Every structure is written in C-alpha cells, then in structure tokens.
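Side chains are part of it too, since the values below use all heavy atoms of this structure and drop only hydrogens, waters and symmetry mates. Every value quoted in this text rests on a predicted model; they were computed, and no experiment measured them.
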Number of protein chains: 2
Amino acid sequence: MGITERKEREKEQRREEIIAAAQKVFFEKGLQLATMDEIAEAAELSKGTLYLYYKSKEDLYLSVIMRGAEIMYEFFEKATATNEPVLKLISNLGDSYFEFFQKNRQYFRMLYFRDNPQLHKQVSQEVLQVCLEQDRRIWKLVIDLIQRAIDEGYLQKNIKPVQAAVILWSSSTALMQQIDRNDNYWQEQMGVNLEETLRLSNSLLLEAMMTDKGKLEYHSIVI
Amino acid sequence: MGITERKEREKEQRREEIIAAAQKVFFEKGLQLATMDEIAEAAELSKGTLYLYYKSKEDLYLSVIMRGAEIMYEFFEKATATNEPVLKLISNLGDSYFEFFQKNRQYFRMLYFRDNPQLHKQVSQEVLQVCLEQDRRIWKLVIDLIQRAIDEGYLQKNIKPVQAAVILWSSSTALMQQIDRNDNYWQEQMGVNLEETLRLSNSLLLEAMMTDKGKLEYHSIVI
DNA sequence: TGATTAACTGACTTGCGGTCATATTACGAA
DNA sequence: TTCGTAATATGACCGCAAGTCAGTTAATCA
C-alpha cells in the first residue's frame with residue numbers, strides 16, 4: 001500500500017510549507033512581532049492547522065532555527081573538508097563562520113536569540129532533542145580540528161581543545177553580534193572597523209595558543 | 001515656595017518605588033513573564049499609575065537595566081582607582097567585571113538582554129539617552145585605560161585602544177553568558193571549567209597585545 | 001470652604017496565543 | 001457509485017496581558 005507512504009510524504013511537505021511560511025514572517029518581523037495569524041496567512045492555512053503540525057509559536061521558531069543550524073554546519077563542513085594544513089583549516093573555519101553570518105544574518109540572529117532564557121516554555125521534546133544534537137555536532141567538528149592541531153604539534157599541548165574551542169567561538173560570536181547590531185556606531189563614532197577587529201581577535205587568540213612550529217607554519221600560510 | 005520642590009521629590013520617590021517593585025518582579029520572572037498588574041501590586045499602586053510614570057513595560061525594564069549599569073560602573077571605577085601599575089588595573093578590570101557578574105547575575109542578564117533587537121518599540125527618548133550615556137562612560141573608562149597602557153609602553157603601539165577594548169569586552173561578556181547559562185553542561189559533559197577558561201581567554205588576549213616590557217611586568221605582577 | 005489642579009484608579013479595549021466543536025475531504029467497503 | 005469512517009482543516013472563541021481613559025479622590029490655594 002503506497003497510500004500511507006504518500007500521506008506521510010504529504011504530511012512532511014505540509015510541515016515544510018509551514019516552516020517556509022514561518023521563516024518568511026519571522027525574518028521580516030522577529031519572534032515577538034510575528035503573529036500566528038500572519039504565518040497562517042502566509043502558509044495559506046488556518047491558524048488551527050499550524051497547531052496540528054507544531055506545538056507552539058516557539059516550537060515553530062526553533063524549527064526555523066534548526067534550518068539555520070543545518071546551513072551553518074554545511075558551511076563548516078565545506079570549509080574543513082580540504083587537504084590543507086590543519087592551521088589553515090582552523091583559519092578557514094573562522095572565515096566560514098563569518099561568511100555564514102554575512103550571507104545568513106537572519107539565521108545568525110535567530111540562532112543566538114535561542115540562548116535567551118525567556119524561551120522554552122512549550123517546545124516539543126523532539127525539536128529540543130534535534131537542537132541539542134546539532135549543537136553537539138558543530139562543537140565536535142571544532143573540537144576535533146583543534147585536537148588535531150595539538151596532536152600535530154601546531155597548538156600548545158597544555159591547552160584543552162574544548163577550552164580553545166569555547167574561547168574562539170565565544171569571541172567570534174560576540175564580535176559578529178556587535179557587527180550585526182552596532183557596526184555603524186563603531187565605524188562612524190569610534191573609527192573602528194569591526195570586521196578587521198574580528199580578524200585581529202581570531203589571530204591574536206590563535207597565535208597565542210600556538211607552538212613555535214605553529215607560528216612558523218601559520219605565517220607562511222595565512223599571511 | 002518649597003511645595004513644588006517637595007512635590008518634585010515625592011514624584012521622584014514614586015518613580016523609585018515603582019522601579020524597586022518592577023525590579024523585584026523582573027528579577028523573579030523576567031521580562032516576558034512579568035505582568036504590569038503584578039508590578040502594580042508589588043508597588044501598591046494601580047496599573048494605570050505605572051503608566052503615568054513610565055511609557056511602557058519596556059521603558060520600565062530599561063530603567064531597571066540602567067540601575068544595573070550604574071552598579072557595574074561603580075565596580076569598574078573602584079577596580080581602577082588605585083595607584084597600581086596600569087597592566088594590573090586592566091587585569092583588575094577583568095576581575096571586577098566577573099565579580100559584578102557573580103554578585104549581580106540578574107542585572108547582568110538584563111544588561112545583555114537589552115541588545116535584543118526585539119525591544120525598543122515604546123521606550124521614552126529620555127531613558128534611551130541615559131542608556132547611551134552610560135554605555136559611553138563605561139567604554140571611555142576601558143579605552144582610556146588601554147590607551148594609558150599603550151602610552152606607557154606596555155601594550156603594542158600598533159593596536160588601536162578601541163579595538164582592544166571591544167575584543168576584551170566581547171570575549172569576556174560572551175564567556176560569562178556561557179557561564180550564566182550552560183556552566184553545568186560544560187563542567188559535567190565536557191569537563192571544562194568556564195571560569196578558568198575566561199581567565200585564560202583574558203590573559204591570552206592581553207599577553208598577545210603586550211610589548212616585551214609589558215610581558216615582563218605582567219608576569220611579575222599577576223602571576 | 002469651595003474651586004482648581006494634580007494624582008490615582010480600575011473597568012474597558014485591543015490584540016494575540018492557543019483551543020475545540022464543527023465542517024470538509026479522502027479513502028475503502030459494499 | 002454510494003455511504004460510513006477517519007484524517008485533515010477551519011475559524012469562532014477563550015483567556016490573558018498591555019495599554020487607555022473617564023471618572024474618583026486628594027492636595028493646594030484663593
């Protein structure tokens with residue numbers, strides 16, 4: 001019987017259509033200002049139907065975020081899948097994070113709005129699970145890369161890869177958030193280019209973590 | 001005529017009473033879950049009265065945030081008002097930021113919720129102005145200190161003080177946000193102490209910006 | 001003491017997230 | 001083709017909370 005399968009497909013498609021509509025509205029208005037009626041209208045469905053597919057507005061929001069996380073992961077995978085030296089890969093990873101940010105600002109914003117503790121009232125356990133798994137996967141990619149750089153003698157042995165990952169990640173994210181929100185202010189009032197500042201921050205941190213061997217290699221490759 | 005003055009004082013006092021009540025409720029529930037009725041009840045006033053003193057819930061929220069910013073500034077002033085060497089002052093500044101965070105988590109959370117773009121619909125121009133001024137004052141304190149360290153030859157001359165300030169500030173803030181939200185996760189699942197990571201991040205960045213003279217001084221002072 | 005202004009109140013309006021009784025459609029058996 | 005049943009979809013409705021405003025109370029002054 002292919003009918004139940006077709007139904008399954010159609011159901012999945014409905015879910016996708018709803019997500020697409022929700023994304024459109026969330027991109028335009030943000031979580032607070034977007035309304036379920038508006039999303040329903042965009043999806044050409046009634047509001048009640050949305051709730052047959054998603055538990056709540058927040059659930060929908062998180063589902064859209066997950067699309068963003070998937071895209072981000074693809075950026076990272078692509079950036080680190082070459083045969084270049086590991087330090088170059090780490091540098092590429094930083095660049096690809098920035099590239100993701102520039103090409104997907106809306107997603108970037110949503111991803112870091114997720115951390116907002118106000119959320120998480122009525123989110124389906126399933127969506128939350130996928131969320132965690134995506135996080136884990138991204139962290140693993142970063143941490144493994146750093147571990148490799150340590151193993152190969154480019155980064156100092158006394159640095160814990162998880163620590164290094166958190167440090168690099170946090171500062172990059174925070175600076176991109178600054179760029180997203182206040183780039184003009186810093187540029188015009190303070191005369192500082194934040195994109196350049198981000199690059200500086202990354203290379204300061206990375207170099208500070210390197211062995212002599214690493215520094216040598218880094219300067220020959222990146223600069 | 002002392003009456004208009006007394007009235008003025010009483011009005012100011014009302015504003016303070018309302019803020020205090022609002023703070024209590026916001027601390028307990030956060031922006032979303034706190035209701036104006038609840039705040040009114042805590043202030044022993046009717047809801048309508050709140051709106052005579054504040055334009056909106058967000059306006060109230062921002063006003064509470066400003067209290068937090070004031071306290072934070074006092075931490076910073078105290079930490080940098082001694083006669084210690086400038087590198088020690090910068091190190092103290094980092095410590096005092098963390099101390100502020102630990103002793104005033106609620107304020108810390110609110111301060112960085114402010115950046116959320118969802119806000120700022122119905123906020124009085126006056127409150128927004130004070131907000132900007134407070135920001136400016138804090139940045140000035142940090143930037144001036146770094147400028148001094150450059151002038152005295154402890155930090156590299158080619159580093160822009162504003163850039164250094166943004167870098168140090170961003171990474172500190174981002175790591176404290178991690179600590180605030182996910183400390184347990186990193187500690188238990190990843191075996192990493194984020195407080196130690198924060199200190200590491202700060203010293204990596206700071207050292208990377210130092211001159212040889214600076215490094216010498218730094219190691220004799222801080223370690 | 002009465003008039004005028006300032007301060008305060010809470011019932012009401014509006015808007016939105018979420019629900020549910022009802023309607024519509026799709027399917028399969030007779 | 002027809003009818004019963006289940007799956008899907010609908011939108012009127014509910015509850016709640018932000019914000020408003022006509023009316024009340026309190027303070028000040030002539």
Under 3.5 Å, sequence neighbours excluded: what are the donor-acceptor pairs made by side chains of residues 16-26 of chain B?
unit_1  : atom_1 : unit_2   : atom_2 : d
B/Glu16 : OE1    : B/Arg67  : NH2    : 3.3
B/Glu17 : OE1    : B/Arg14  : NH1    : 3.0
B/Gln23 : OE1    : B/Arg67  : NH1    : 2.9
B/Gln23 : OE1    : B/Tyr107 : OH     : 2.6
B/Gln23 : NE2    : B/Tyr107 : OH     : 3.2

Inset, instruction - Kindly say whether B/Leu45 contributes a backbone atom to a donor-acceptor pair with the side chain of B/Thr49 at under 3.5 angstrom? - result: no
Legend entry - Bend angle of the helix from C/dT1-D/dA30 to C/dA30-D/dT1, from helix axes over five pairs at each end, nearest 10°: 20°
Legend entry - B/Tyr53: partners by ring pair (Phe, Tyr, Trp, His ring centres under 6.0 Å), with sequence neighbours left out: none
Identify each donor-acceptor pair in which a side-chain atom of residues 190-197 of chain B lies under 3.5 Å from a protein atom, sequence neighbours left out, and give them as a table.
unit_1   : atom_1 : unit_2   : atom_2 : d
B/Asn193 : OD1    : B/Glu195 : N      : 2.8
B/Asn193 : OD1    : B/Glu196 : N      : 3.1
B/Glu195 : OE2    : B/Arg199 : NH1    : 3.4
B/Glu196 : OE2    : A/Gln163 : NE2    : 3.1
B/Thr197 : OG1    : A/Gln163 : NE2    : 3.1
B/Thr197 : OG1    : B/Asn193 : O      : 2.8

Inset, instruction - Identify, between B/Glu10 and B/Lys55, the residue whose nearest nucleotide on DNA chain D lies closer to the 5' end. - result: B/Lys55
Inset, instruction - Take the protein atom CG of B/Leu33 and the nucleotide atom P of C/dG17, then report the distance between them rounded to whole Å. - result: 15 Å
Which pairs would a plain distance check flag for residues 136-143 of chain A, meaning a side-chain donor or acceptor within less than 3.5 Å of a matching protein atom at least two apart in sequence or in another chain?
unit_1   : atom_1 : unit_2   : atom_2 : d
A/Arg136 : NE     : A/Glu133 : OE1    : 3.3
A/Arg136 : NH2    : A/Glu133 : OE2    : 3.0
A/Arg137 : NH2    : A/Glu70  : OE1    : 3.0
A/Lys140 : NZ     : A/Asp144 : OD2    : 2.6

Legend entry - Annotated protein contacts, base or backbone, on nucleotides 5-10 of chain D with a non-hydrogen cut-off under 4.0 Å, one of B, S, - each: ---SBB
Inset, instruction - Specify the residue among B/Arg6 and B/Ser56 whose closest nucleotide of DNA chain D lies further upstream toward the 5′ end. - result: B/Ser56
Inset, instruction - Return the set of residues passing side-chain contact (heavy atoms from CB on, under 4.5 Å) with B/Ser91 (not counting sequence neighbours), or none when no residue passes. - result: B/Asp95, B/Val222
Legend entry - Spacing of B/Lys57 atom NZ relative to D/dA18 atom C1', expressed in whole Å: 8 Å
Inset, instruction - Measure from CG on A/Asp37 to P on D/dC13 and round the result to the nearest Å. - result: 15 Å
Inset, instruction - Round to a whole Å and report the spacing from CD of A/Gln32 to C1' of C/dG15. - result: 14 Å
Would you tabulate the side-chain donor-acceptor contacts of residues 74-81 of chain B under 3.5 Å, counting partners in other chains and residues two or more places apart, or write 'none'?
unit_1  : atom_1 : unit_2  : atom_2 : d
B/Thr80 : OG1    : B/Phe76 : O      : 2.9
B/Thr80 : OG1    : B/Glu77 : O      : 3.4

Inset, instruction - With sequence neighbours excluded, give me every salt bridge (charged side-chain N to carboxylate O under 4.0 Å, His left out) pair touching residues 41-57 of chain A. - result: A/Asp37-A/Lys47
Legend entry - Interatomic distance where CE belongs to B/Met36 and P belongs to C/dT9 [whole Å]: 14 Å
Legend entry - Spacing between B/Arg15 atom CZ and C/dA7 atom C1', to the nearest angstrom: 15 Å
Inset, instruction - Would you mind classifying the nucleic acid contact of B/Ala40 as base, sugar-phosphate or nothing, using non-hydrogen atoms under 4.0 angstrom? - result: nothing
Inset, instruction - When you get a sec, tell me which of D/dT28, D/dA17, C/dG17 is the closest nucleotide to the side chain of A/Tyr51? - result: C/dG17
Legend entry - Under 3.5 Å: donor-acceptor pair, side chain of A/Ser170, backbone of A/Ile167: no
